2 protein chains.
Amino acid sequence: MSDPLPPRRSDATRAAILDAARARFAEDGYERATVRAIARQAGIDPSMVIRYYGTKEALFARVVDVALGIPDPREIAAEELGTVLVEHFLDLWERDAVLVTLLRVGVTHPAGAERMRDVFRDQLVPAAERFGHDPADAPRRAMLVASQVLGMALLRYVLRFGPAAEMPRAELVAWLAPTVERYITAPSPAAAA
Amino acid sequence: MSDPLPPRRSDATRAAILDAARARFAEDGYERATVRAIARQAGIDPSMVIRYYGTKEALFARVVDVALGIPDPREIAAEELGTVLVEHFLDLWERDAVLVTLLRVGVTHPAGAERMRDVFRDQLVPAAERFGHDPADAPRRAMLVASQVLGMALLRYVLRFGPAAEMPRAELVAWLAPTVERYITAPSPAAAA
DNA sequence: GAATCAGGTCAACACCTGTTGGCATACTCG
DNA sequence: CGAGTATGCCAACAGGTGTTGACCTGATTC
């Protein structure tokens with residue numbers, strides 16, 4: 001897993017390409033983030049992008065590599081569970097653009113959608129298992145939390161809707177925390193049709 | 001506003017193009033829904049698409065024309081407000097693909113994003129004004145409801161995540177209704193940081 | 001100092017995009 | 001029946017796409 005490769009003279013360029021790719025994919029989605037546009041932003045020739053990363057798809061895979069780092073439930077006081085989680089998710093979305101990229105691409109490109117499923121299955125569901133009680137319930141709990149967090153992130157960070165983008169963070173947390181907390185801790189209504 | 005145009009012999013073809021466009025835009029987003037793909041699905045030549053609708057953008061504008069039809073608050077008993085609204089939104093998403101189209105395109109294409117803002121401003125916010133008490137609060141209430149509904153729709157109808165797509169409708173409503181109801185009726189926390 | 005090689009540019013490829021104009025057909029109306 | 005027109009297909013356009021190979025240049029190594 002480690003990379004004992006010696007530093008290459010082209011490392012700066014490789015990094016510039018990766019940075020430019022992050023920016024273009026996040027802002028424009030997969031199709032409109034062309035290899036030429038990425039190269040232009042990185043200040044090099046389009047052929048270098050392919051030479052160093054092989055393929056546009058491979059470059060994209062390098063860009064969307066995210067660790068959610070959901071906190072350990074044992075370190076959270078029960079009464080502020082929702083608050084801590086919402087704050088953590090907002091931090092994630094604001095720290096860098098990788099989640100914006102993932103959402104933007106996942107909606108239109110199959111590779112992006114699969115990457116989203118990976119993150120959900122490998123990180124969100126296991127976290128829900130650590131929080132919840134019934135492991136069979138974890139995917140549903142994780143999905144509910146994801147629905148609220150993704151919806152808000154869509155409006156605030158992707159579409160940048162006025163009311164969503166301008167709401168002060170503290171107020172946002174106050175609104176969402178009870179929702180997230182209930183999705184994790186409330187007893188299942190279990191289709192009381 | 002009315003259309004007293006006489007029926008043309010090409011009406012069937014025009015409708016076929018519109019149907020195909022709806023399907024392609026909904027499934028593939030704006031960029032991947034090519035004029036050629038739409039024409040192929042409609043069983044006609046690509047040039048006909050342009051001849052009848054002028055431009056790909058104009059065709060898209062024809063496709064994303066949606067009326068949310070949010071019910072009148074005076075016809076809803078206070079204790080089932082959340083349930084009625086969530087059911088209504090689920091109906092909208094399941095009835096046809098126009099909302100899936102709007103979400104899929106809005107995330108990557110500027111024209112789609114603007115169309116989403118239109119729907120929000122012209123339909124969702126006024127509805128929130130009818131429900132809520134303080135009109136200055138309406139955009140925020142509408143935005144909160146939209147965040148939960150859009151997030152769930154994203155998982156269930158666009159990405160078709162397993163846990164979201166498979167949850168029985170009644171259970172889904174039972175989970176979301178209290179959230180939506182609170183976003184509309186609860187007193188504002190107003191940034192109690 | 002000469003040989004080697006990585007870093008980078010240029011031009012081109014095969015293909016796909018939205019869009020346009022010309023041409024055949026078939027229907028409609030006198 | 002004949003003129004006119006709406007309907008549709010075909011071929012082509014100008015431009016953009018990801019990707020490839022030939023080539024130049026400057027640093028590294030013997």
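Atoms considered below: every heavy atom in the structure, side chains included; atoms not considered: hydrogens, waters and symmetry mates. Lettering of chains follows the sequences in order, A, B, ..., and the numbering in each one begins at 1. The structure displayed is predicted, hence computed values, not measured ones.
- Every residue two or more places apart in sequence or in another chain that forms a side-chain hydrogen bond (donor to acceptor under 3.5 Å, both in side chains) with B:Asp72 is listed here: B:Arg74.
- A nucleotide of DNA chain C counts as in contact with chain A when one of its atoms lies under 4.0 Å from a heavy atom; the first and last such, 5' to 3', are C:dG7 to C:dA12.
- Classification of B:Glu87 and B:Arg169 as a salt-bridged pair holds, one side-chain N sitting under 4.0 Å from a carboxylate O.
- Residues B:Thr108 and A:Glu31 are not in side-chain contact: their nearest non-hydrogen atoms beyond the backbone lie 4.5 Å or more apart.
- At whole-Å resolution of the value, CZ in B:Arg9 and P in D:dT7 are 6 Å apart.
- Nearest nucleotide to the side chain of B:Arg36, out of D:dT19, D:dA12, D:dT7: D:dA12.
- With rounding to whole Å, B:Ile50 atom CD1 is found 14 Å from D:dC13 atom C1'.
- Between B:Phe60 and B:His109, the two ring planes are perpendicular [angle over 60°; tilted spans 30° to 60°].
- Residue B:Ser10 has a polar side-chain atom (N or O) positioned under 4.0 Å from OP1 or OP2 of D:dT7.
- Atom-to-atom distance recorded for A:Arg14:CZ and A:Asp19:CG is 14.0 Å, nearest 0.5 angstrom.
- Toward the 5' end of DNA chain D, the nearer of the two residues A:Glu57 and B:Arg14, judged by each one's closest nucleotide, is B:Arg14.
- Between the CG atom of A:Asp45 and the C1' atom of D:dT19 there is a distance of 12 Å, rounded to whole Å.
- In this structure, the side chains of A:Leu85 and A:Ile70 come closer than 4.5 Å at one or more pairs of heavy atoms.
- Here the straight-line distance linking atom CZ of A:Arg156 with atom CG of A:Leu90 works out to 6.5 Å at 0.5 Å rounding.
- If you take OH of B:Tyr52 and C1' of D:dC9, they are 12 Å apart, rounded to a whole angstrom.
- Projected onto DNA chain C by closest heavy-atom contact, A:Ser47 and B:Pro46 fall at different nucleotides, the more 5' of which corresponds to A:Ser47.
- Distance check: A:Glu181 CD to A:Glu79 CD gives 8.5 Å after rounding to the nearest 0.5 Å.
- Aromatic ring pairs are classed by plane angle as parallel below 30°, tilted from 30° to 60° and perpendicular above 60°; the pair B:Phe25 and B:Tyr30 is parallel.
- For residues 24-33 of chain A, proximity to DNA chain C is found at no residue, defined as any non-hydrogen atom under 4.0 angstrom from a strand atom.
- Going from atom CZ of A:Phe60 over to atom P of D:dT19 covers 14 Å, rounded to whole Å.
- Across the protein-nucleic acid pair, B:Arg51 atom CZ and D:dG8 atom C1' stand 8 Å apart, rounded to whole Å.
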